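Throughout, protein chains are lettered first and strands after them, A, B, ... in sequence-line order, and every chain is numbered starting at 1. Worth saying up front: this structure is predicted, and the values here are computed from it rather than measured.
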Amino acid sequence: MSDKVRVRFAPSPTGGLHLGGVRTVLFNYLFARQHQGTFILRIEDTDQSRFVSGAEEYISECLKWCGLHPDESPEKGGPYGPYRQSERKAIYRQYAEQLVQEGHAYYAFDTPEELEQKRRQIPNFQYGHMFRSEMRNSTSLPKEEVKQLLDSGAPYVVRIKMPVGETISFTDMIRGEVSFETGLSDDKVLLKADGMPTYHLAVVVDDHLMKITHAFRGEEWLPSAPVHLLLWKYLGWEDDMPQWAHLPLILKPDGNGKLSKRDGARLGFPVYAMSWTDPASGEVIPGFRERGFLPEAFINMLAMLGWNDGTEHELFSLDELVEKFSLGRVSKAGAKFDFEKAKWFNTEWIKKLEENKLRTYVEEVFAQNNISVPDRDKLGVVIGMVKDRCHLLTDFVLQGGYFFKSPESFDLDAVKPKWTEQKEEFFRSFAQILLEHRSLSSHELEEKFKELATEKGFKIGEVMLPYRIMLVGGKFGPAVFDITKLIGEEEAVRRIDTGLGAIGA
RNA sequence: GGUCCAUUCGUCUAGGGGUGAGGACGCAAGAUUUUCAUUCUUGAAACAGGGGUUCGAUUCCCCUAUGGACUACCA
């Protein structure tokens, strides 16, 4: 085995990219970068019946958004390609045959119908040493019959022959020593009737051929680990086997079980990294990106779901994570996903992110909401003024949009009942002041406003709130006179006019 | 059912034979802010249960309970 660390993320392109998947990518990435290793994206598309068009491109796009760029991938190529298992189809059969020749695997001719029937007949049916001899395969059938079946082109699969009574154990980088009794697992299919390998064969062969040194995957794979271990051994590659790390699962916030996209829909939060449109149904499943998350925050949040650096720090950039990450500090138990905490990470990152980057993100969101920004500098000022009240990028539309676009509606509930002719007069006078004193600072303007209010016999609050609502549309936002200066006196007067109209109506 | 894995505040977690069991999110109260947020202060809130080992266990061991994953010609 070469010393150089090589890791891979190996998703199946069947739909949206789940949060847990992104975390697996992240841990792969962190580990690779930390060891100056190579991070590979390999597409596991061996199930042709589950092929979904666009899913692979979508996955690449997600990785790009997260800033987790692979060194080798279908898109980018590399010395160990192809990186799409469907394009490697021809490679797998020889290994399956080798296994059969050496007695570690066998041909099985049972049809799906026969298997289904067997499962109905026998409650806990497993295609393994218990029932192997009752089935139609090359261990139970006479040699001639097997030959004849093979020659006649009868469909068959290759199954691994799981031994009985062997204890197989390995050291998982996260959970330590794990052991299994081999006879308990069934004889997994290695090569399907269509000639494609199953996951079990494909991971082992490809991990070997691609010289993978460390294999990260979800905990759901733990039960099939003995099959993979055996395959490494039978294929004669035991010495090159990667070190395994089975990551804890991300669980539903309520109840129990793995987090699924259905939970997101039910509880009102995204589960996928980016929104995914099902090409068949047209259904759109929302993503963190579209919900207004910064990739920096998304990544940070994911890293902290099951890992910590042992201090009380929670905010880490990707570079800091690369530096601090260690598998030994990954927890063993699954973690329930908490959307409130996820939002908190985003809030913190909005405050923390470098001004220019944040501005670029906000510009995108504005563009999507038809808010045009002629002046980038002004946007910078606006962001500085409002970012403390934004938790998601999309909040900037409401919190900052009115600097570039007059409010479309007014929240008048608190104003209308107490409205008087005198107040209208007050605002007419104030509008005059605005037009006549354009050089006043925000502070001086405030003084003028207060003077006028006192003169007309109002308490400041009585006219301040209506003014705010005329400017921004609602009861929110930074200091009103700062807003006035930024949008300009003329625009402020226009808003007073329309505001007065709306109140009078 | 079987196998494997796990178990500290509601949630994410730190800790580790003697601690006031720490932090964060969320929640509650208060202060600041003539709006809304931000910020600050304070508070409530946890070692699943039972046996050992030990002078002493939340910590080490065993059992139980609970939860989860897996049990496809899907990954």
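The shortest heavy-atom contact between A:Val146 and A:Asn137 is CG2-O, 4.4 Å.
Taking the six-membered ring wherever Trp is involved, the centroid distance between the rings of A:Phe293 and A:Phe298 does not fall below 6.0 Å. Checked against the 6.0 Å centroid threshold, A:Trp232 and A:Phe170 do not count as a close aromatic pair. Aromatic ring centres of A:Phe449 and A:Phe458 lie farther apart than the 6.0 Å criterion allows.
Heavy atoms of A:Gln126 sit under 4.0 angstrom from primed sugar atoms or phosphate atoms, though from no base atom. At the heavy-atom level, A:Thr46 lies under 4.0 Å from the strands shown only through sugar-phosphate atoms.
Of the charged side-chain nitrogens involved, at least one lies within less than 4.0 Å of a carboxylate oxygen, so that A:Arg266 and A:Asp254 count as a salt-bridged pair. For A:Lys261 and A:Asp263, the salt-bridge test fails: no basic side-chain N is under 4.0 Å from an acidic carboxylate O.
With no hydrogens or angles considered, no side-chain donor-acceptor pair links A:Asn28 and A:Arg8 at under 3.5 Å.
If you measure from atom CG of A:Leu267 to atom P of B:U11, you get 15 Å, rounded to the nearest angstrom. Across the protein-nucleic acid pair, A:Glu340 atom CD and B:A24 atom P stand 17 Å apart, rounded to whole Å. To the nearest angstrom, P of B:C12 lies 16 Å from NZ of A:Lys332. B:U38 atom C1' lies 16 Å from atom CG of A:Leu392, rounded to whole Å. Between the P atom of B:A75 and the CD atom of A:Gln48 lies a distance of 10 Å, rounded to the nearest Å. To the nearest angstrom, P of B:A6 lies 18 Å from NZ of A:Lys258. Across the protein-nucleic acid pair, A:Arg175 atom CZ and B:G68 atom C1' stand 11 Å apart, rounded to whole Å.
Base pairing analysis places B:U7 opposite B:A65; the two distances defining the Watson-Crick or G-U wobble pair are each below 3.5 Å. Across all strands shown, the partner of B:U41 is B:A29, judged by Watson-Crick or G-U wobble contacts whose two distances both fall under 3.5 Å. Across all strands shown, B:G2 is found opposite B:C70 as a Watson-Crick or G-U wobble partner, with both distances under 3.5 Å. With a cut-off of 3.5 Å on both pairing distances, B:U35 has no Watson-Crick or G-U wobble partner at all. Figure legend. B:A57 is base-paired to no nucleotide; pairs are counted as Watson-Crick or G-U wobble with both atom distances under 3.5 Å.
Using a 4.0 Å cut-off, some side-chain N or O of A:Arg119 falls inside it from OP1 or OP2 of B:C73. In this model, the phosphate group of B:A75 is not approached by any side-chain N or O of A:Thr14 to a distance below 4.0 Å at OP1 or OP2. A close approach under 4.0 Å does not occur between any side-chain nitrogen or oxygen of A:Lys192 and OP1 or OP2 of B:A72. Side-chain nitrogen and oxygen atoms of A:Arg159 include at least one within less than 4.0 Å of the OP1 or OP2 phosphate oxygen of B:C73. Note on A:Asn308: every side-chain N or O is 4.0 Å or more away from OP1 and OP2 of B:U13. A:Arg468 has no side-chain polar atom (N or O) that falls below the 4.0 Å cut-off from OP1 or OP2 of B:U33. Between A:Lys341 and B:U13 there is no side-chain N or O to OP1 or OP2 distance below 4.0 Å.
For the P atom pair drawn from B:A65 and B:C55, the interatomic distance equals 32 Å after rounding to whole Å. Comparing the P positions of B:A21 and B:A46 gives a spacing of 11 Å, expressed to the nearest Å. Annotation: B:U66 and B:U8 have their C1' atoms spaced 16 Å apart (nearest Å). Of the P atoms belonging to B:A6 and B:C60, the separation is 13 Å, rounded to the nearest Å. Here, B:C70 and B:A75 have their C1' atoms 13 Å apart, quoted to the whole Å. Between B:G67 and B:A48, the distance separating the two P atoms is 16 Å to the nearest Å. With both ends at atom C1', the span from B:A44 to B:A29 equals 11 Å, rounded to whole Å.
Residue-to-nucleotide proximity on RNA chain B shows that, of A:Ala342 and A:Asp47, the 5′-proximal contact is made by A:Ala342. Residue A:Glu181 is the one, among A:Glu181 and A:Pro223, whose nearest nucleotide of RNA chain B lies closer to the 5' end (criterion: closest heavy atom).
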